[in-house]
Structure formats: structure tokens, C-alpha cells
Amino acid sequence: MKTLLLLAGLAFAVTAHAQFRMPSFDINKMVDTVKNVGKAVKEIDEAEEVAIGKDVASRLLGAAPLVADARLQRYVNHVGRWLAVQTERPDLPWQFGVLDSPNVNAFAVPGGTIFITRGLLERMRNEAELAGVLGHEIVHVLRKHHLKAIQKGAQSSLAGDAMSMAIKDRAGPARDKLIAFGTEMYSRGLDKGDELEADRLGIVIAARAGYDAYGLPSVLQTLQAMSAQDSAIALMFKTHPAPGERLDALSEKMQPVLDTYSTQPQLADRFVRQIKK
Ligand SMILES: [Zn+2]
């Protein structure tokens with residue numbers, strides 16, 4: 001029954017999402033409220049945020065193209081958009097893509113573009129795990145983690161007017177520096193606090209969308225079992241806190257939420273049907 005409800009939800013995500021709202025589930029009580037988004041970021045409006053994300057995404061896609069499987073891309077997009085409509089920024093141009101890479105990774109680009117690698121997808125067992133990972137990435141967009149980091153970092157090489165030109169003028173000379181810096185971010189990683197916040201809120205989003213809240217913790221356990229010497233996961237380990245540390249932080253801050261929402265569907269069958277050919 002729950003599976004059917006969720007299926008209906010995917011087809012009519014925008015109209016149906018109200019029925020999944022859980023009245024007792026107040027996101028603001030569960031997580032640290034971010035009070036100041038930062039003065040500097042306020043200068044970037046949503047259209048500029050989306051445009052910066054597009055430019056960064058096209059550089060990233062140059063390094064690893066999308067998997068040429070329209071059905072798979074559609075499925076991941078459905079799950080991702082269903083999660084995104086649960087959030088406070090449902091109207092961003094959300095897009096979810098599977099990159100054709102054996103590496104284990106996922107990342108978010110400002111403005112609502114989110115990528116997951118084929119390598120990570122193949123190590124998942126059900127849709128709740130996918131939802132947990134996409135939820136984590138969605139939080140990076142909602143909280144503008146990358147946007148803030150890009151802006152802060154680019155300020156050292158783009159002083160004063162050059163910075164605002166880089167943001168406003170997509171064809172200008174300063175733009176290239178901003179986007180190059182933005183692209184590098186994905187090999188350096190975010191602050192640990194941003195990652196742990198994305199874990200906590202990502203779980204809230206997945207649970208609010210109707211999934212077993214243990215999806216993300218379960219993926220973290222899979223990562224924990226992988227060897228740090230495995231080159232497929234080297235970048236993920238370099239750019240994120242260790243999986244064990246993330247799991248500890250979650251069990252400390254997210255109980256009893258995790259257990260309360262642990263009986264919601266995992267949707268293993270549907271996931272396997274869509275992922276495996
Ligand atoms: Zn992250």
C-alpha cells in the first residue's frame with residue numbers, strides 16, 4: 001500500500017506531496033537553524049545562482065559524461081524531484097543526472113543540478129538509499145554550501161568590481177576565474193560542518209518524502225566497508241569526513257528520528273528493476 005502511494009507520488013509529485021507531510025515532523029526543531037546565510041551571498045540572486053551552476057556543471061560534465069540510458073536518468077530524476085518538492089526551494093530548476101564513472105561519488109551544483117556516479121548507484125540496494133544520498137546533495141543546494149564557498153574562495157583572486165562582474169556577466173573575462181574556482185571546489189571539498197548538516201537534513205527530506213530514514217546511514221556503512229586504498233572512492237574520502245564519523249554524528253544528533261521513520265518503505269524491488277538492465 002505504501003509502495004503504491006509512493007508510486008502515485010512520483011507521478012504527481014507536486015500535487016500529491018501534501019499527503020506525505022507529517023504534522024509531528026518539524027524540520028526546524030531537528031536541525032540547527034542557519035540564521036545568517038552570509039551577507040556576501042545575498043548579492044547573488046537566484047537567476048545568477050542558477051547560471052553559475054550551469055557553467056560549473058558543463059565543466060564537470062566535460063570530465064565525465066552522463067550515462068546514455070534515458071530510462072535510468074528519468075528514474076533518478078523522478079526520485080530526486082519528488083524529494084526536492086518537499087523542500088523550501090521546490091521551484092528551482094532541479095535536475096538529477098547519473099555520470100558515467102566507475103568512481104563512487106555524488107555532488108551538487110548551485111541552482112539545483114545534482115550528479116551521482118554510476119559507481120555509487122551500483123553499490124546501492126534500494127530507493128531509500130538513493131533518496132538518502134540525493135537528499136544530502138539537495139541540502140547542499142538549499143543551504144548554498146558550494147555557492148558560498150565558491151564566492152568566498154574566488155574573492156581572493158577577484159577583488160571588488162571584478163567579483164560582481166564575474167557574477168553578473170557570463171561572457172566577461174572574470175567569469176572564467178569564478179567558474180574555474182567553482183570547478184576546483186569539487187576536488188577540495190566543503191567544510192566538515194556543511195557535510196554533517198547535509199547528512200542530518202538530507203535524512204529529514206528523505207523521511208518526509210516517505211522513505212525509510214536509514215537510507216543514508218546504510219550507504220555510509222557500505223562506504224565504510226570499502227578500502228581507503230580503493231581508487232574508486234579516493235576522491236569521496238578526500239572531500240568528505242570519514243563514513244564512521246558521519247555515522248557517529250548521525251546517531252548522536254538524529255535519534256529518535258531515525259528509528260521513528262525506519263519502518264517507511266525502502267523500495268528495493270523498484271530500485272533493482274530500474275537500475276539493473
Ligand atoms: Zn556532501
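For ligands, and for the atoms within them, numbers begin at 1 and follow the listed sequence. Keep in mind the model is a prediction, meaning the values are calculated, not measured. These values consider heavy atoms only, across backbone and side chains, with no hydrogens, waters or symmetry-generated copies.
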inquiry  = Going by side chain to side chain donor-acceptor pair (under 3.5 Å), name the residues that satisfy it together with D248, two or more places apart in sequence or in a different chain.
reply    =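 Partners of D248 by the side chain to side chain donor-acceptor pair (under 3.5 Å) criterion come out as none, since no residue qualifies.
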ask   = Can you check whether H146 and Y186 have ring centres sitting under 6.0 Å from each other?
value =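 Ring-ring flag for H146/Y186: true, centres closer than 6.0 Å.
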key: Protein N/O/S count near the Zn ion (ligand 1) (criterion: distance under 2.8 Å)   = 3
query = Any idea which heavy atoms bring E137 and A106 closest together, and the distance?
reply =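 Shortest heavy-atom separation between E137 and A106 comes out as OE2-O, 3.2 Å.
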ask   = If you measure from the Lys or Arg side-chain nitrogens to the Asp or Glu carboxylate oxygens, is any gap between R59 and D176 under 4.0 Å?
value =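 Result for this pair is yes, salt bridge flagged.
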ask   = E195 and H136: side chain to side chain donor-acceptor pair (under 3.5 Å), yes or no, with the steps?
value = CA-CA 8 Å; E195 292 300 344; H136 171 105; 2.9 Å; yes
key: N/O donor-acceptor pair under 3.5 Å between Q264 side chain and A207 backbone   = yes
